[in-house]
Amino acid sequence: MSLTHGGEGAPPAAAAPPAVLGFIANQSAGAASACDAEAVAGRVQSVFPGSQLQVEIAQPKQLDAALERVFAAAKDGVVVFGGDGTARAAARRAMDRGTPIAVLPGGTMNVLAKLVFGHDDLDKTIDTLPHCEPTALDVGYVGEEPFFLSAAFGFAGPMARFREEMRPPRQWRRIGAASLSLARGLGPSLRGGVKWRPQGRGEWRRAHTLVTAVGSIDRVISPEDQPMDARARMQAVGVRIRSGWDLARLGGDVLADDWRESEQVAMAGARCFDLDLRTRRPLVVLDGEPMRLSNVAEVYVRPRQLPVLAPL
């Protein structure tokens, strides 16, 4: 961590105690599985000379226990190296304990790494760590389940599940089930399977896919180009496709970079949105990860919920 020195003539400051940091790696997750986790931990230790670094390198089944140990030992911050699921698990503990995290890019989307550091270059991120200070990010919630960039509803759920099942190692039985779910979800989605509105305001709107983003939808499109701190609000984009002609027109608007003006797109900003998903356990996509949640009725944002270590 960086230090601030007194001005000229000020008495010498007492030596700061060595930082006590943690390093947690999921050896089998995301792009991190192709790296030497011990070498990455050594690089982190090298940029914090004199600090105490509690290192935990775990397989997925041991990840929860390893996270508990590293958060119990590290009072100044935890460096996280793994996939996006590992980053989410560490972020949940960071919010519970108030311990800031620094997420290294080791996954597919690298949502938190890009939001904080603005890129997904591992070496550059590690070199930036000594120049970081604690701060906090706004967090979105679907019910009580947090997300840090975006939540998607409607046809996005079956599509995300199908995408996940197509990743190696493929299991054809699971791919078949995901394909069937995709086909079953198409009809209700085209009829406007998602009803939404800014909380308590105006008439319900219908969409076949709804994407909500913490801050701005532009953070979903290019998170590395957006400032880390956003206002404590959300932006929602609903897409309504009722025919092949609607889909073709929307595709043309996207190619022309005029999708915001498309008749098939509705946008709104608020701190909370009411949802009516017409199912008790919808398949929701949080930061690219599909998961089933129960009785979803709203999506909202809470300011400054996630403690992180971020560049000055």
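Values below: every heavy atom of this structure, side chains too, minus hydrogens, waters and symmetry copies. For reference, positions follow the sequence shown, starting with 1. This structure is a prediction, so every number in the text was calculated from the model and none was measured.
A salt bridge is defined here as a Lys NZ or Arg NE, NH1 or NH2 lying under 4.0 Å from an Asp or Glu carboxylate O, and Arg233 with Asp138 fails to meet this definition. A salt bridge links Asp64 with Arg93: at least one charged nitrogen is closer than 4.0 Å to a carboxylate oxygen. Under a 4.0 Å N-O distance rule, the pair Arg88/Glu145 qualifies as a salt bridge.
In terms of heavy atoms, Ala74 sits closest to Thr99 at O-CG2, 3.7 Å. Between Gly238 and Ala207 the shortest heavy-atom distance is CA-CB, 4.0 Å. Residues Ala151 and Leu286 come closest through the heavy atom pair CB-CD2, 3.6 Å. The shortest non-hydrogen separation linking Leu112 to Ala91 is CD1-CB, 4.2 Å. Taking both residues in full, the closest heavy atoms of Phe117 and Leu129 are given as CZ-CD2, 4.0 Å, listed atom of the first, atom of the second, then distance. The minimum heavy-atom distance between Val103 and Ala87, with the atom names listed, is CG1-CB, 3.9 Å.
Proximity of a side-chain donor or acceptor of Gln54 to a complementary backbone N or O of Ala73 within less than 3.5 Å is not detected. The backbone N or O of Asp84 lies less than 3.5 Å from no partner atom in the side chain of Asn110, so there is not a single donor-acceptor pair. Of the possible polar contacts, one joining the His208 side chain to the Val239 backbone as a donor-acceptor pair under 3.5 Å is found. Remark: the backbone N or O of Arg281 is not paired with any side-chain donor or acceptor of Ser294 at under 3.5 angstrom. Of the possible donor and acceptor atoms, one in the side chain of Gln45 sits under 3.5 Å from a partner among the backbone N and O of Phe48. Side-chain atoms of Arg240 do not come within 3.5 Å of backbone N or O of Val265 as any donor-acceptor pair. Side-chain N or O atoms of Arg197 include none that pairs as donor or acceptor with a backbone N or O of Arg205 at under 3.5 Å.
Stacking of Arg271 on the aromatic ring of Tyr300 is not recorded, the 6.0 Å distance cut-off and the 45° axial limit not both being met.
Side-chain contact check for Arg92 versus Pro146: some heavy-atom pair is nearer than 4.5 Å. At a threshold of 4.5 Å between non-hydrogen side-chain atoms, the residues Leu309 and Pro134 count as touching. Using a 4.5 Å heavy-atom cutoff, the side chains of Leu63 and Ile24 are in contact. Looking at heavy atoms from C-beta onward, Met267 lies in side-chain contact with Val237 at the 4.5 angstrom threshold. The side-chain heavy atoms of Leu137 and Gln305, taken from C-beta on, include no pair separated by under 4.5 Å. A 4.5 Å side-chain heavy-atom check between Glu298 and Cys272 finds at least one atom pair inside the cut-off. Side-chain contact check for Leu21 versus Val79: every heavy-atom pair is 4.5 Å or farther apart. Val299 has its side chain out of reach of Trp196: every pair of non-hydrogen atoms, C-beta onward, lies at least 4.5 Å apart.
With rounding to the nearest 0.5 angstrom, the CZ atom of Phe23 is 11.0 Å from the CD atom of Glu56. Between Thr125 atom OG1 and Phe81 atom CZ the span is 10.5 Å, to the nearest 0.5 Å. Note that the OG1 atom of Thr86 and the CG atom of Leu67 stand 8.0 Å from one another [nearest 0.5 Å]. Atoms OG and CD, from Ser28 and Gln62 in turn, are 9.5 Å apart once rounded to the nearest 0.5 Å. For the atom pair Met291 CE and Leu283 CG, the distance stands at 9.5 Å (nearest 0.5 Å). Interatomic distance, Leu53 CG to Ser46 OG, rounded to the nearest 0.5 Å: 10.0 Å.
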Evaluate the criterion salt bridge (Lys or Arg N to Asp or Glu O under 4.0 Å) for residue pair Asp274 and Arg201; output intermediate values, then yes/no. CA-CA 9 Å; Asp274 295 325; Arg201 300 195 338 241; over 6 Å; no
Verdict with reasoning, Val142 to Thr212, per side-chain contact (heavy atoms from CB on, under 4.5 Å): CA-CA 10 Å; Val142 179; Thr212 60; 6.0 Å; no
Please walk me through it: do Asp287 and Met109 pass side-chain contact (heavy atoms from CB on, under 4.5 Å)? CA-CA 8 Å; Asp287 297 329; Met109 297 180 66; 6.0 Å; no
Determine, step by step, whether Val301 and Tyr141 satisfy the side-chain contact (heavy atoms from CB on, under 4.5 Å) criterion, reporting the C-alpha distance in whole Å, the side-chain angles of both residues, the deciding distance to 0.1 Å, and the verdict. CA-CA 6 Å; Val301 65; Tyr141 286 83; over 6 Å; no
Stepwise side-chain contact (heavy atoms from CB on, under 4.5 Å) test for Val139 and Met95: CA-CA 10 Å; Val139 175; Met95 289 189 289; 4.0 Å; yes
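Linking ILVMFWY residues whenever their side-chain heavy atoms come closer than 4.5 Å, directly or via other members, leaves Val80 and Val20 in distinct clusters. Tracing side-chain contacts under 4.5 Å through hydrophobic residues (I, L, V, M, F, W, Y), one never reaches Trp204 starting from Phe153; they form parts of separate clusters.
Heavy-atom contacts from other residues, nucleotides or ligands closer than 6.0 Å to CD of Glu68 number more than 12.
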